[in-house]
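These numbers come from a predicted model, not from an experiment.
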Amino acid sequence: MLAKRIIPCLDIKNGQTVKGTNFVNLREAGDPVELGQLYSAQGADELVYLDITASHEGRKTFTDLVKRIAAYINIPFTVGGGIHELSDVDRLLNAGADKVSVNSAAIRTPGLIDDIARHFGSQVCVVAIDARQTPQGWKCYLNGGRIETGKDLFDWAHEANERGAGEILFTSMDHDGVKNGYANEALATLSDTLTIPVIASGGAGTKEHFKDAFIQGKADAALAASVFHFGEIPIPELKAYLRTEGINVRM
């Protein structure tokens with residue numbers, strides 16, 4: 001059985017790590033390179049860096065920052081935000097990223113997933129999906145949660161899987177920053193119906209929430225931000241706890 005992964009997520013705005021609640025009310029959390037080094041030393045399995053205002057502001061993702069991260073960090077990391085075409089992917093991989101995360105651009109131009117998989121391999125392509133529950137079910141959102149698309153979460157995740165995505169990074173906007181646990185029912189549905197790994201995002205507040213994401217939600221990896229950034233759950237402590245609960249993690 002593959003080891004479950006613990007992935008700190010660093011949302012970047014103006015070169016600094018920030019964290020909010022339900023995608024708003026952002027506060028600064030520190031230098032992205034220093035935090036990345038700390039998490040790497042603590043035993044994080046991977047990192048995700050997201051330029052959270054790139055799509056909304058129409059900017060290209062932070063190539064210089066990616067080069068700095070690659071120079072100082074020795075675990076795999078994914079970058080996302082403002083990726084619209086193959087040249088963006090090429091630029092970020094050349095700067096040192098291991099994977100790219102596409103969200104808004106993939107919904108607008110689904111063929112981008114096929115193109116990334118064909119040119120760089122499926123393992124490079126993480127399709128991030130921001131979704132929330134509506135009276136019509138789970139719906140996907142664009143541009144950092146600003147625009148509802150009407151697309152169904154499960155239909156879109158299945159299409160991304162079929163087009164060649166290597167992983168799905170599912171963030172429940174309802175759970176983001178609230179620290180009441182992950183959207184485990186939706187996670188389990190995704191994990192049961194897709195053939196690729198699912199990363200849980202949105203809702204971590206306790207060590208038990210990670211356990212539940214792996215057992216109830218059947219997630220392959222759990223991503224979190226504020227509990228790591230503000231020192232609430234040290235990664236070594238989290239992994240030791242998960243081990244005692246019978247969950248296979250790399251120590």
Side-chain angles (χ1 to χ4, degrees), residues 1-12 16-21 26-50 52 65-66 68-80 96-99 101 123 126 128 167-172 175-184 187 191 197-251:
M1 182 178 156
L2 284 176
K4 302 293 189 181
R5 290 170 286 151
I6 300 297
I7 306 177
C9 179
L10 298 93
D11 290 342
I12 308 299
Q16 284 295 304
T17 309
V18 295
K19 186 65 191 103
T21 303
L26 301 177
R27 55 178 173 150
E28 288 200 0
D31 178 79
V33 178
E34 289 176 10
L35 278 174
Q37 286 179 292
L38 172 66
Y39 297 145
S40 177
Q42 285 185 347
D45 297 294
E46 298 179 22
L47 300 170
V48 170
Y49 287 90
L50 299 176
I52 59 171
L65 177 59
V66 172
R68 278 178 55 217
I69 294 163
Y72 289 99
I73 288 166
N74 57 7
I75 58 174
F77 70 96
T78 300
V79 295
D98 297 280
K99 307 178 200 176
S101 166
Q123 79 285 351
V126 179
E167 293 180 283
I168 297 293
L169 167 53
F170 162 53
T171 300
S172 166
H175 294 71
D176 175 67
V178 181
K179 301 183 181 178
N180 285 336
Y182 293 92
N184 292 319
L187 277 168
S191 297
V198 176
I199 304 169
S201 170
T206 68
K207 295 191 285 285
E208 289 76 18
H209 291 155
F210 288 86
K211 177 188 77 171
D212 292 343
F214 293 135
I215 294 176
Q216 296 170 21
K218 306 179 185 180
D220 298 277
L223 177 147
S226 54
V227 292
F228 297 141
H229 300 340
F230 303 115
E232 294 162 39
I233 303 178
I235 292 171
E237 195 178 291
L238 171 60
K239 286 194 162 187
Y241 163 78
L242 292 171
R243 270 282 174 93
T244 65
E245 294 294 323
I247 293 165
N248 180 22
V249 290
R250 293 187 198 90
M251 298 302 285

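Side chain of Y182 to backbone of D212: no donor-acceptor contact under 3.5 angstrom is found. No donor-acceptor distance shorter than 3.5 angstrom exists from the side chain of H175 to the backbone of S201, with no hydrogens or angles considered.
Residues N74 and S40 have side chains that bring a donor and an acceptor to within less than 3.5 angstrom of each other.
Using a 4.5 Å heavy-atom cutoff, the side chains of V227 and F210 are in contact. Inter-residue side-chain proximity for I12 and L50 is flagged as unmet; no heavy-atom pair is nearer than 4.5 Å. Looking at heavy atoms from C-beta onward, K207 lies in side-chain contact with E237 at the 4.5 angstrom threshold. Inter-residue side-chain proximity for I215 and I247 is flagged as met; some heavy-atom pair is nearer than 4.5 Å. Side chains of L47 and Y39 form a contact here, defined as non-hydrogen atoms less than 4.5 Å apart. For the pair K179/S226, a side-chain contact is recorded, criterion being any heavy-atom separation below 4.5 Å from C-beta on. Side-chain contact between P32 and L65 is present, with at least one heavy-atom pair separated by less than 4.5 Å. Proximity of D45 to K239: side-chain heavy atoms (C-beta onward) are separated by under 4.5 Å at one or more points.
Across all their heavy atoms, C9 and A225 have their closest contact at O-CB, 3.5 Å. Of all heavy-atom pairs spanning A3 and R250, the tightest one is CB-CG, 4.0 Å. V249 approaches K4 most closely through the heavy-atom pair CG1-O, 3.6 Å. When every heavy atom of I73 is checked against every heavy atom of V33, the shortest pair comes out as CD1-O, 4.0 Å. The shortest heavy-atom contact between S191 and G217 is OG-O, 3.3 Å.
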- Residue pair D31, R68: steps toward the side-chain contact (heavy atoms from CB on, under 4.5 Å) verdict: CA-CA 11 Å; D31 178 79; R68 278 178 55 217; 3.5 Å; yes

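With sequence neighbours excluded, no residue forms a salt bridge (Lys or Arg N to Asp or Glu O under 4.0 Å) with E34.
Remark: of the listed residues I7, I168, D220, T171, I7 is the sole one forming a side-chain contact (heavy atoms from CB on, under 4.5 Å) with I199. Each of L10, L238, L35 was scored for a side-chain contact (heavy atoms from CB on, under 4.5 Å) with F228, with one residue passing: L238. For the side-chain contact (heavy atoms from CB on, under 4.5 Å) with K211, the lone residue among T206, T244, L242 that qualifies is L242.
Atom-to-atom distance recorded for Q216:CD and N184:CG is 5.0 Å, nearest 0.5 angstrom. Here S101 contributes atom OG and F77 contributes atom CZ; the two are 13.5 Å apart, rounded to the nearest 0.5 Å. Here the CD1 atom belonging to I235 is positioned 11.5 Å from the CE atom belonging to M251, to the nearest 0.5 angstrom.
Comment: E167 engages R5 in a salt bridge, judged by a side-chain N to carboxylate O separation of less than 4.0 angstrom.
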